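Here is the structure we will look at.
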Protein chains: 2
Amino acid sequence: MPAKKLKQLSEPNTEAKIKAAARIVFHKKGYAATRTRDIAEEAKMNLALLNYYFRSKEKLFELVMMETLGSFFMAMGMVFNDASTSLEKKIELVAEKYIDLITAEPEIPLFIMSEIRSEGAAILEKLPFMHMVMQSTFVSQYKHAVKAGKITEPNPLQFLMNMLGLIVFPFIGSPLIKKVGKLSDRQFDILMKERKKLIPVWMKAMLKAK
Amino acid sequence: MPAKKLKQLSEPNTEAKIKAAARIVFHKKGYAATRTRDIAEEAKMNLALLNYYFRSKEKLFELVMMETLGSFFMAMGMVFNDASTSLEKKIELVAEKYIDLITAEPEIPLFIMSEIRSEGAAILEKLPFMHMVMQSTFVSQYKHAVKAGKITEPNPLQFLMNMLGLIVFPFIGSPLIKKVGKLSDRQFDILMKERKKLIPVWMKAMLKAK
DNA sequence: GTCTATAACGTGATAGAC
DNA sequence: GTCTATCACGTTATAGAC
């Protein structure tokens with residue numbers, strides 16, 4: 001039924017509209033600060049429909065949370081486990097991919113970190129990616145390079161923190177950065193775009209630092 | 001009256017106890033998720049005393065928020081505006097000072113970022129430090145080094161984001177890092193301690209990267 | 001200053017008409 | 001499926017006794 005499919009694309013059904021609205025509001029305000037009324041308003045829907053489709057605020061939140069976590073870490077998992085790319089290429093790919101991803105939805109990193117703090121790290125158990133990072137081809141490539149003397153810092157965790165810090169922190173601290181640098185949203189995005197090329201350069205310099 | 005002062009030091013008065021408890025709970029859970037009952041319980045005080053001393057949850061929060069922001073950014077302001085230290089020395093001092101500061105109260109960075117998101121960046125207006133970063137001796141030293149060809153990246157904001165990312169992000173993402181690396185709290189702290197020496201090395205390598 | 005009791009309000013959720 | 005009206009509950013804040 002192509003007619004029905006077309007209709008879904010142009011006019012999402014009620015359930016999808018509410019979920020999309022919930023995603024926006026939860027990402028922006030976090031679980032505790034969002035009111036179910038905020039979500040209904042954002043979706044331009046009646047409040048009762050939220051419970052009709054999703055039973056409760058909590059159930060709706062868990063759904064959004066899992067989708068957000070899944071898409072966010074899946075992207076990294078794909079890059080990290082690709083045996084056909086070099087370590088240096090992986091750095092480029094992660095920087096490029098994540099800065100694009102987060103620029104599209106800048107609230108995601110702070111949302112994830114805040115909610116993990118509130119709910120406890122137990123949610124992370126459900127993500128297959130978490131358990132396999134240290135067994136990824138990325139880490140074995142890293143260790144190999146350490147043995148070959150191409151990298152000074154032996155601990156891949158330090159490397160991981162550095163890369164994520166360089167990529168993710170500017171978004172988490174964006175209000176601060178914008179204020180200090182007197183940047184418009186657009187100017188900020190330009191800086192981030194520049195970082196897509198700069199971060200790999202910086203990371204490679206760090207690898208050989210001593 | 002040394003007797004009275006001694007008593008204050010060993011047994012803080014009710015007001016101070018409540019404020020200290022509020023600091024702990026607000027830092028851990030954020031404004032929206034903390035209940036005034038949580039604070040009273042943490043302080044082992046009657047709930048009504050909170051309103052007696054601080055009028056409202058919001059007033060108490062603003063007090064905590066301002067103290068936290070003030071102490072956090074003041075430390076950076078001191079280092080950044082010291083004309084007697086070199087750029088490289090400033091990097092060392094900031095890394096050392098902030099990793100110690102945040103290790104003592106690891107919730108602070110995420111607390112600050114989360115609450116700025118909720119309340120809007122307007123709070124930052126009240127902080128003198130925010131307005132003068134770009135006029136600090138740190139930035140003029142940076143620009144000077146760029147002109148002298150010692151630094152490849154001309155924008156001090158990129159440098160600032162990098163330094164803060166390397167220092168602050170691991171704490172914001174600590175549940176993630178601990179999970180991925182299967183680290184205990186103690187092991188995590190050791191990694192952070194290592195970073196006090198490593199970050200200046202990495203930053204210096206980045207400065208010359210191209 | 002500190003307590004108990006309670007008021008006033010906001011929020012999540014549901015019943016029941018349409 | 002969608003709406004209005006309303007309930008049930010938790011939370012902030014205060015009144016008033018001690």
Side-chain angles (χ1 to χ4, degrees), chain A residues 1 3-66 111 114-115 118-119, chain B residues 1 3-66 111 114-115 118-119:
Chain A
M1 308 116 174
K4 192 179 181 186
K5 194 149 195 178
L6 273 175
K7 191 182 178 203
Q8 281 189 342
L9 284 172
S10 56
E11 283 180 39
N13 55 32
T14 304
E15 186 174 352
K17 276 184 188 168
I18 294 173
K19 198 167 77 178
R23 186 180 170 96
I24 292 170
V25 181
F26 279 137
H27 282 188
K28 183 149 57 190
K29 315 216 292 185
Y31 179 80
T34 95
R35 313 290 156 226
T36 51
R37 283 166 175 80
D38 300 337
I39 296 173
E41 195 182 350
E42 174 75 32
K44 289 169 188 161
M45 291 289 167
N46 186 288
L47 173 59
L49 293 173
L50 191 152
N51 293 86
Y52 176 77
Y53 282 103
F54 300 97
R55 287 192 50 85
S56 72
K57 176 190 177 185
E58 197 176 345
K59 288 257 184 291
L60 177 54
F61 176 78
E62 281 168 17
L63 193 68
V64 169
M65 185 66 173
M66 279 308 147
F111 166 76
S114 299
E115 298 303 330
S118 317
E119 298 202 32
Chain B
M1 309 117 172
K4 192 178 179 186
K5 194 148 196 178
L6 273 176
K7 191 178 177 204
Q8 282 190 340
L9 284 173
S10 57
E11 283 181 39
N13 56 32
T14 304
E15 186 173 353
K17 277 183 188 169
I18 294 173
K19 198 167 77 178
R23 186 180 171 95
I24 291 170
V25 181
F26 279 139
H27 281 187
K28 184 150 56 190
K29 315 216 291 185
Y31 179 80
T34 94
R35 313 287 155 227
T36 50
R37 284 167 172 82
D38 301 337
I39 296 172
E41 195 182 350
E42 174 75 32
K44 289 169 189 161
M45 291 289 167
N46 187 287
L47 174 58
L49 292 173
L50 190 151
N51 293 87
Y52 175 78
Y53 281 104
F54 301 96
R55 286 193 50 85
S56 72
K57 176 191 176 184
E58 196 175 346
K59 287 255 185 292
L60 177 53
F61 175 78
E62 280 168 18
L63 194 66
V64 169
M65 184 67 174
M66 279 307 148
F111 167 76
S114 300
E115 298 303 329
S118 318
E119 298 202 31

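Lettering follows sequence order; numbering is per chain, from 1. Because the structure is a prediction, the values reported are computed rather than measured.
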Which nucleotide in the set D/dC3, C/dC3, C/dT11 lies at the smallest distance from any side-chain heavy atom of A/N46? D/dC3
Measure CZ/A/R35 against C1'/C/dT11 and give the value in whole Å, please. 7 Å
For A/N51 and C/dG12, is the shortest distance between a side-chain N/O and OP1 or OP2 below 4.0 Å? no
Which label fits B/F61 and B/F26: parallel for a plane angle under 30°, tilted from 30 to 60°, or perpendicular past 60°? perpendicular
Using atom CD1 of A/I39 as one end and atom C1' of C/dG10 as the other, report the distance to the nearest whole Å. 16 Å
Can you tell which of C/dG12, D/dA15, C/dG1 lies closest to the side chain of A/K57? C/dG12
C/dG1 phosphate, OP1 or OP2, under 4.0 Å from B/Y53 side-chain N/O: yes
Can you find a donor-acceptor pair, distance only, under 3.5 Å between A/R37 side chain and C/dG12 base? yes
Inspect the surroundings of CD in B/E15 and state if more than 12 heavy atoms from other residues, nucleotides or ligands are less than 6.0 Å away. yes
Looking at A/T36, I'd like to know whether one of its side-chain N or O atoms comes within less than 4.0 Å of OP1 or OP2 on C/dG12. yes
Using the six-membered ring of B/Y53, assess whether NZ or CZ of B/K59 lies under 6.0 Å from its centre and within 45 degrees of the ring axis. no
Atom-pair distance (CZ on B/R55; P on D/dA13), nearest Å: 10 Å
Among C/dA13, D/dC3, C/dC3, which is the nearest nucleotide to the side chain of A/L47? C/dA13
Does B/S56 put a side-chain nitrogen or oxygen below 4.0 Å from OP1 or OP2 of D/dT12? no
If you count every heavy atom of other residues, nucleotides or ligands that lies below 6.0 Å from B/K19 atom NZ, does the total exceed 12? no
